[in-house]
Amino acid sequence: MTQRFTRNELVARLVRAGELEVSGEDPAEAATYFDTEKFRFHGPDGFESDFAGLNDYFASVREAFDERSIRRGIVVAEGDQLACQTWIEGTFVREFTQSPAGPLPPNGKRIAFDLINIFRFDDQGRLIEEWVRTDNRSLLRQLDAEGH
């Protein structure tokens with residue numbers, strides 16, 4: 001039988017999945033919010049990844065940034081898809097190996113990743129696809145990487 005989730009249930013699952021990816025507190029629980037076999041990530045500038053690649057990216061964020069947080073803004077729901085604003089913030093204290101410009105040294109500044117996301121869920125409430133758009137120029141300016 002197909003399980004259906006309400007908008008509020010999907011939003012709650014999305015919020016929790018983001019908190020777990022940013023904090024790294026419980027990778028096993030984080031995986032339960034994704035179809036780890038079928039998940040696909042579509043990022044800026046043609047960047048494509050699977051669930052393992054998404055985990056690698058967030059591991060690099062957790063390594064490079066202290067005092068991390070994630071917030072969701074306006075959420076729009078249509079069926080099995082949610083679109084929202086996302087802000088991920090942290091203090092840049094160690095090398096960021098997966099910046100849009102490649103590895104970058106820390107600058108000690110508070111950095112805000114300002115994102116627009118679209119997520120698609122399967123009938124079990126698991127994330128199966130994500131599209132992200134962001135202003136990489138703004139991010140690189142915050143990272144002191146202009147000209148890279």
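Of the possible donor and acceptor atoms, one in the side chain of Asn107 sits under 3.5 Å from a partner among the backbone N and O of Gln142. When atom types are taken as modelled, the side chain of Ser23 and the backbone of Glu25 share a donor-acceptor pair closer than 3.5 angstrom. Of the possible polar contacts, none joining the Arg72 side chain to the Gln85 backbone as a donor-acceptor pair under 3.5 Å is found.
Here the side chains of Tyr57 and Ser49 are not in contact, with every heavy-atom distance at 4.5 Å or above. Side-chain contact between Ile111 and Leu143 is present, with at least one heavy-atom pair separated by less than 4.5 Å. Residues Ser60 and Glu63 fail the side-chain proximity criterion, which asks for heavy atoms closer than 4.5 Å. You'll find the side chain of Phe119 stays beyond 4.5 Å of the side chain of Leu10, heavy atoms only. For the pair Phe58/Val22, a side-chain contact is recorded, criterion being any heavy-atom separation below 4.5 Å from C-beta on. Using a 4.5 Å heavy-atom cutoff, the side chains of Trp131 and Asn117 are not in contact. Between Ile70 and Glu19 the shortest side-chain heavy-atom distance falls below 4.5 Å. With contacts defined as side-chain heavy-atom distances shorter than 4.5 Å, the pair Val61/Arg68 qualifies.
Using a 3.5 Å distance cut-off with no hydrogens or angles, the side chains of Glu130 and His42 do not pair a donor with an acceptor. When only modelled atom types and interatomic distance are considered, Asp66 and Thr91 share no side-chain donor-acceptor pair under 3.5 Å.
For the pairing with Arg126, the side-chain hydrogen bond (donor to acceptor under 3.5 Å, both in side chains) check across Thr36, Asp35, Thr32 returns one residue only, Asp35.
Between Phe34 and Phe51, the ring-plane angle classifies as tilted under the 30° and 60° cut-offs.
Counting heavy atoms of neighbouring residues, nucleotides and ligands inside a 6.0 Å radius, atom CD of Glu48 exceeds 12 of them. Counted within 6.0 Å of CD on Glu37, heavy atoms from surrounding residues, nucleotides or ligands total 12 or fewer; the atom is thus considered open. In the displayed structure, Arg137 atom CZ is contacted under 6.0 Å by at most 12 heavy atoms of other residues, nucleotides or ligands.
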